[in-house]
Peer 1: 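The structure follows.
Heavy-atom basis, side chains included; hydrogens, waters and symmetry copies ignored.
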Amino acid sequence: AYEAKTSISPILHDGVLEFIVGIERDITEEKEIDKAKSEFVSIASHELRTPLAVMLSQTEAALNSNYDVEGYRKVLISLKEDQQNLIELTNSLLLISQNEQIEFMDEWPYLRIDELLFDTVAYFNKSFPDAKTAFSFDNLPSEDEQLMVKGNESLLRAAFMNLMKNAYLYSEDQSVNIRLITDNKTVRIKFQNKGDQLSVEEAEKMMIPFFRGSNVGKKKGFGLGLAIINRIIIIHKGSLSYKAISENLNSFVVVLPVKK
C-alpha cells in the first residue's frame, strides 16, 4: 500500500471526448519528507523558545529585585551563557539548513585526509588545551591515493572538529584517540574515547536532530552535532557509525571513498 496522487485528463477529438488518461504518482516519499520537515520545524521552534523564555524570566526577576552589584553581575553572567547557547543553537540550525541544500560536486579538489586531520587536531588543541589528543595510523598507506578524498575542506574540518569535541566532552579523562586505516577503496577514521556508552536503542537514534543520549549527564547541548556531522559525511558519499567496545570504549567511525 502507498499514498498516491492521481491526475485525470480528457482527450478530445473535434470537440468529442474520445477517452480519458489517468496518471497515478507514488507520493509516499514526498509525504515522509514533508512530515520530517514539519517535525523538525516544530522541534526547532520549541528549542528556540525555551532559552528565550529563560532569558526573559531572568531579566524580569532582575528588574523586580534590588540586587547588589554582585547579584546583578551573576544575572548578567547567566544571561551571557544563555545567549551563547542560543547563538550555538541558531548556528547549528542554519548549518543543517545549508547542508540540506549542498550536494556533492565533482569540481571539489582532492584533499590529503591525514593533513586535514593534523591541521584540525592542532586547532582543536588550541581550543581545548587540557585535551589529550593522539593521532595514529593503523597501517601505512602504500600510495598517496589511499589518503586522497574529494571534498569540501571546510565541511570536513567542521565534521572532524565536532567529533573530536564530542569525544573530549564525554571522555572520562579528556583523552581523544584518532586512528586512521586505509585501503584501496576507502579511508576509515576512528574517533575514540573512554566514557559512558550509548545503548543499542540510543545508538539507533543518535543521528536524529535534538536527540541526546543518557551519557550526556549535566553537559549542555542541543543534540544537533551528530545530525550535522552525519549530513556532511553523507554529502561526501561516506558513512558515520558508532560502536560500543569493551571497557567503556566508544568509537565513532567515518568511512570516506578515496581516489581510484
Peer 1: CG of L117 to CD1 of I189: how many Å apart, nearest 0.5 Å?
Peer 2: 5.0 Å
Peer 1: Take atom NZ of K150 as the centre, draw a 6.0 Å sphere, and report whether it contains more than 12 heavy atoms from other residues, nucleotides or ligands.
Peer 2: yes
Peer 1: In this structure, are over 12 heavy atoms from other groups packed under 6.0 Å from D68 atom CG?
Peer 2: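 Enclosed.
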Peer 1: Nearest 0.5 Å, what's the CG-CG distance between L180 and D138?
Peer 2: 8.0 Å
Peer 1: Is any NZ, NE, NH1 or NH2 atom of the basic residue among D183 and K185 found under 4.0 Å from an Asp or Glu carboxylate oxygen of the other?
Peer 2: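 Not counted as a salt bridge, because no side-chain N and carboxylate O are separated by less than 4.0 Å.
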Peer 1: Apply the test side-chain contact (heavy atoms from CB on, under 4.5 Å) to residues L163 and F124: give CA-CA distance (whole Å), side-chain angles for both, the deciding distance (0.1 Å), then the verdict.
Peer 2: CA-CA 11 Å; L163 284 166; F124 174 81; over 6 Å; no
Peer 1: Can you find a pair of side-chain heavy atoms, one from F160 and one from I178, that are under 4.5 Å apart?
Peer 2: no
Peer 1: Please lay out, stage by stage, how M161 and S127 fare under the test side-chain contact (heavy atoms from CB on, under 4.5 Å).
Peer 2: CA-CA 10 Å; M161 185 72 180; S127 302; 4.0 Å; yes
Peer 1: Suppose we screen for side chain to side chain donor-acceptor pair (under 3.5 Å). Which residues come up paired with E153, at least two apart in sequence or across chains?
Peer 2: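 Only R157 meet the side chain to side chain donor-acceptor pair (under 3.5 Å) criterion with E153.
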Peer 1: Could you tell me if the side chain of H236 sits less than 4.5 Å from the side chain of N152, heavy atoms only?
Peer 2: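 Touching, per the 4.5 Å side-chain cut-off.
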Peer 1: State whether the number of non-hydrogen atoms from other residues, nucleotides or ligands found under 6.0 Å of Y123 atom OH is greater than 12.
Peer 2: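 Open: at most 12 neighbouring heavy atoms sit under 6.0 Å from OH of Y123.
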Peer 1: side-chain contact (heavy atoms from CB on, under 4.5 Å), that's the test. Do E145 and N184 meet it? Break it down for me.
Peer 2: CA-CA 8 Å; E145 280 74 11; N184 291 326; over 6 Å; no
Peer 1: Would you please test L256 and L156 for side-chain contact (heavy atoms from CB on, under 4.5 Å) and show each step?
Peer 2: CA-CA 11 Å; L256 293 167; L156 287 174; 4.2 Å; yes
Peer 1: Is there a side-chain contact between M148 and V258 in this structure, where contact means two heavy atoms from C-beta onward sitting under 4.5 Å apart?
Peer 2: no
Peer 1: For F252 together with F191, are the ring centres under 6.0 Å from each other?
Peer 2: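 Not under 6.0 Å, so no.
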Peer 1: Grab the two heavy atoms, one from V149 and one from P257, that are nearest each other, plus how far apart they are.
Peer 2: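 So the minimum-distance heavy-atom pair works out to CG2-O, 3.7 Å.
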Peer 1: Between atom CG of L240 and atom CG of N230, what is the distance when rounded to the nearest 0.5 Å?
Peer 2: 5.5 Å
Peer 1: Taking the side chain as everything from C-beta on, heavy atoms only, tell me whether K132 gets closer than 4.5 Å to S171.
Peer 2: no
Peer 1: Would you call V253 and K243 a side-chain contact if the rule is heavy atoms closer than 4.5 Å?
Peer 2: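 V253 vs K243: side chains apart.
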Peer 1: So which heavy atom on I245 is nearest to which on S251, and how close?
Peer 2: CD1-CB, 3.8 Å
Peer 1: Find the distance between CG (D130) and CG (D173) and round it off to the nearest 0.5 Å.
Peer 2: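 Answer for the CG-CG pair, D130 versus D173, is 11.0 Å.
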Peer 1: By side chain to side chain donor-acceptor pair (under 3.5 Å), which residues pair with N193, not counting sequence neighbours?
Peer 2: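 Here the qualifying residues are N250.
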Peer 1: Measure the shortest side-chain to side-chain distance between I113 and T182 over non-hydrogen atoms and say whether it is less than 4.5 angstrom.
Peer 2: no
Peer 1: Are R112 and D144 side-chain neighbours, meaning at least one heavy-atom pair lies under 4.5 Å?
Peer 2: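 Yes. Closest side-chain heavy atoms under 4.5 Å.
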Peer 1: Taking side chain as C-beta onward, heavy atoms only, is R231 less than 4.5 Å from I235?
Peer 2: yes
Peer 1: So, for Y168 and A131, which heavy atoms are closest and what is the spacing to 0.1 Å?
Peer 2: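 So the minimum-distance heavy-atom pair works out to CD1-CB, 3.6 Å.
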Peer 1: Between F118 and F137, what is the ring plane arrangement, given parallel below 30°, perpendicular above 60°, and tilted in between?
Peer 2: tilted
